[in-house]
Amino acid sequence: MEAYERKWQQKWEEAGLFEPEPDKRKKFFITFPYPYQNGPPHIGHGFTFLRNEVFARYKRMRGFNVLLPQAWHATGGPIVASALKIREGDEKQIKTLKSLGIPEDEIKKFSDPEYWIKYFTSKWKKAFKSLGASVDWRREFFTTHLNPAYSKFIEWQYRKLRDLGYLVKGSHPVVWCPKEKKVVGDHDRPDEYAGIVPEEVVLIKFSRGKIIFPCVTFRPETVYGVTNIWINPDSEYCEIEIGEEKWIVSAASIPELEAQKGKVKIVKKFAGKDIEGLEVKNPVTGSVVPVLTAEFVKPEFGTGVVMSVPAHAPYDYIALKESGLEFKMISLIQVEGYGEFPAAEVCERMGIKSQKEVEKLEKATKEVYTAEFHKGILKDITGKKGMKVSDAKPVLVEEFVKSGAAEKYYVLPSEVLCRCGERCIAGIIKDQWFLKYSDPEWKRLAHECIDGMSFFPEEIRRNLHSAVDWLRDWACTHKGELGTPLPFDREWVVESLSDSTIYPAYYIVAKYLQNPERYGINIERLKDSFFDFVFLGEGDPAEVSAENGIEKELLEEIRKEFVYWYPVDFRNSAKDLLNNHLPFFIFHHVALFPESFWPKAIGVNGWMMVGGEKMSKSKGNFILLEEAVEKWGADVTRLSILFSGSMGLDDMNFEPEFPERMKRKIKQLFRLVELYGSGRDEIRPVDRWFRSRLHRRIKTVTEFMENTSFRDAMERILFESFNDLSWYTRRCREANREVMKEFIESLVLMLSPFAPHAAEELWEKLGKSGFVSIENWPEAKEEFIDDVVEKQEELVVKTLEDIRELKKIVKGEWKEIRIYTSRSWKYRVLEIASEKPENLVKEIMKIDEIKKHGTEAVKFAQKLTDRIEKPLSMEAEFQALKSAEGFFERELGCQVRVLKGDESDSEKAMRAEPGKPGIEIITE
RNA sequence: GCAGGGGUACCCAAGCCUGGCCAAAGGGGCAGGACUGAGGCUCCUGUGGCGUAGAGCCUGCGAGGGUUCAAAUCCCUUCCCCUGCACCA
């Protein structure tokens, strides 16, 4: 880190530059979603944060009173699970901590979840500070019951949601560990089982008298084609009592059954083969089919009882064939490209002979299921003739359930082992609290909010609309995790995403509630009325003051402050929050706040890659933010990270050589100081060109900044500016003092949001007082933007290029170069053409001067395409070239004369055209 | 499967909404040159093909087709890649 970086960070802090108070200016409130504290920040976090930070700094320079607060998230399971792993001595977890630079003897401290929070929040804060973040740290906090003030806020919020009817109770399928008796989230299992969730299946209740044979199936629509049902011959089966009913199920399936349907009583136990040959009734068709045995039936899957549909299920077809029994397939589904019995067809094609060919059978099954589900049309027998399978399935399920022929059930699609080693099952949590995101009115409000917002990039608006539509009720409480207990059902803790919805509002009060002693506030005394008053303006100040033990004046000040800062004006997050947190953020705001406090804008960016690959510790391309700043300094780190990408869903890419490049850029910037204040006073056309380019660039950059296209802005500031500068100095050798001053000042100002330390240092070196961080953003002055001047300079550039090209061709000693503008009649033609007359040739032939060129004039006119935009006049071209004579001579080391085409009979002069001067080389 | 995003020159990447000034910004790499004791610094030049005392022509933005006087940009078809699909940050 550079010495001046420390210096300016200290100066900012001393000046309280980023601790805004409400004033007369317009406010701008920016938030970066608080990061989860189970690890230190890396450069990917850096990118997302910096998009907020740069925008904050930019808006500050645009005269806004900007608030950029920061907090930390600790709610949820992963920290608890990781701490548990440390306690258990899990090698992998220990290695992870070590790789984060945590010394061996400190690792045992991480067996306490609280230590994680303490350790990583300080890491994050340190990293952000060293980056020069313009954060108001007075509002810092972290979540969970460990922060009682925040918990009060969550409790208020959940009581509100309950009163609004948006909090409901229900049951919910989960992955369950029967040994530990707990929900097994992704963080509670070995990585290879991540992402597996319970899948809904249907139990079709075949029966024999009063005894039910519940067949588990993914494809209830095939119940019409059942020829028999299967059980495993050698596994243990039981007759159980479940509620009022008697069921036959495998012994292995009982734990899952109990986890979903409640306690069962085992009446009898027997082997599967003992009941082979019994006949059972199909509850949908009424037909009677036999119970048969097959090896492929897995007793632990579902109920251990399955139905057999040989026409459409390869396993069933093969098992029946192997049994040697006679069977008659029933065709239910018509699929393009297949015959009457797709399963049989596929099995024969693949040459499957035995149930033991599991791999082939799985493949066959997948093929048949996919084809039938998406392209299959049901036949008459199902009563849904002509319907697509994918459409008919949910309808049929509802009918079966309603008639009592079936029940819904859940299974795990593949094996999941808990961290404790136990095989998990699908369970159902009862009394689960849900946020009722399915509520149509709530959805409507959320859509309305989205319609009124701005998005960066605009495309994510659609994503959010569909996310809002797609969200179902959300299980918002957990057990055994960090968080705030649900105030009216304290055995539950509010789940991670559900407690981080409207917390930007908390930033406003955090200044007070996180420093209660300074304001004479007793957190324990806080009631809902405090939040009602501050956030919603409800209640009588005197009463609220008395109830909460807070001075009335203070209370009103807090309310005023809230009204001043809210709503959120901009919130930038990484794209992973697009389907969860961001819609939640919107949902909860529209539920709890009046429209004037709904969020204004959201930005999104992708994932950080390093060297074109996903960051990972094993690949060695994992870059921690803290290390980056240490190694490269704050500004270089900021620039390198920001240069890695832009907004949107595409991933950024941090190339390892960026820091070196940016370091050079900063050096180059510092060298500008030498040019500052020297030069001549006289204004030449090149100066006008340079100034025009500068103002045009300010305009473009400003547009990019408004649009949060920071990388585009950087390219203009850091690269294109310098291209102009080098052309300018090359062109006129001695710069114009004022223009150069303006150029340098503007550059430093525009640099400030990106590399604020260097900008401050430069600003000081230019002899300016005060902080550049709060200076005014440069203004693009239209009066300096001059199309003609820029076109003229382009002509000079092009002409130089053309001569250079000739250099390759024309050998011999060059004595003189003559440059001819086109003959004047061609400008006339062009002029007339640019007015787009109906018949150009007719028009120009009216003019004698042109007419005398006859065919040549017609040819020239015909060559012109229909649109010639504002061509330079002959005089403008001539002046541009003429004034560059000296420059050409310098560049080309040869005498150069610029002449008007009309003044010469040279063939080159005749061929010259507007915009394409003729060039004649005079050799010895 | 559903939903969303993307395929641009040696590489990264802009442009695409609002078609024409786009052989396509900017950066990197590479090649040549200048500077230098030397350079991995800085500066200049070149970097699709062909042609040439230059003002152009051809090919070209995943592939194929279409609309248009005109397409990287609009429409259709197709291939390939990435992300999400939930109780979890």
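Throughout, protein chains are lettered first and strands after them, A, B, ... in sequence-line order, and every chain is numbered starting at 1.
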Under a 3.5 Å cut-off for both distances, is B:C30 Watson-Crick or wobble paired, and to whom?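 Looking at the geometry, B:C30 pairs with B:G46.
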Who does B:A70 pair with, Watson-Crick or G-U, both distances under 3.5 Å?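 Partner of B:A70: none.
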ask   = Rounded to whole angstroms, how far apart are CE on A:M647 and P on B:G4?
value =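 Taking CE of A:M647 and P of B:G4, I get 20 Å after rounding.
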*A:Q668 or A:E655, whichever maps to the more 5' nucleotide of RNA chain B*: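 Looking at the nearest nucleotide for each, A:E655 comes out on the 5' side.
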* RNA chain B: A:R671 or A:T477, which has the more 5' nearest nucleotide? ->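 This one resolves to A:R671.
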Checklist entry - Does the pair A:R664/A:E660 count as a salt bridge with the N-to-O cut at 4.0 Å? => result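 The answer is no: the pair does not qualify as a salt bridge.
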Check: So, for A:W727 and A:F887, is the gap between ring centers shorter than 6.0 Å?
Finding: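 Aromatic pair counts; centres sit under 6.0 Å.
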Distance below 4.0 Å between A:S646 side-chain N/O and B:A14 OP1 or OP2
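Looking at the OP1 and OP2 atoms of B:A14, neither is under 4.0 Å from any side-chain N or O of A:S646.
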message = Does the plane of the ring in A:F710 sit parallel, tilted or perpendicular to the ring in A:F754? Use 30° and 60° as the thresholds.
response =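 The rings of A:F710 and A:F754 stand perpendicular, inter-plane angle above 60°.
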Given B:A53, B:A89, B:C87, the nucleotide with the shortest approach to the side chain of A:V197: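 Among the listed nucleotides, the one closest to the side chain of A:V197 is B:C87.
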(message) The side chain of A:R711 is closest to which nucleotide in this list: B:C87, B:C41, B:G26?
(response)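 For A:R711, the side-chain atoms sit closest to B:G26.
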| query | When we call it a touch if two heavy atoms are under 4.0 Å apart, what does A:L471 touch: a base, just sugar-phosphate, or nothing? | reply |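 Since a base atom lies under 4.0 Å of A:L471, the category is base.
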Quiz item: What integer number of Å spans the P atoms of B:C22 and B:G32?
Solution: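 It comes out at 31 Å once rounded to the nearest Å.
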*asked:* Should A:F643 be counted as stacked on B:G27, where stacking needs a ring-centre gap under 5.5 Å and an angle between planes under 30 degrees?
replied: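 Taking the rule of under 5.5 Å and under 30°, the ring of A:F643 does not stack on B:G27.
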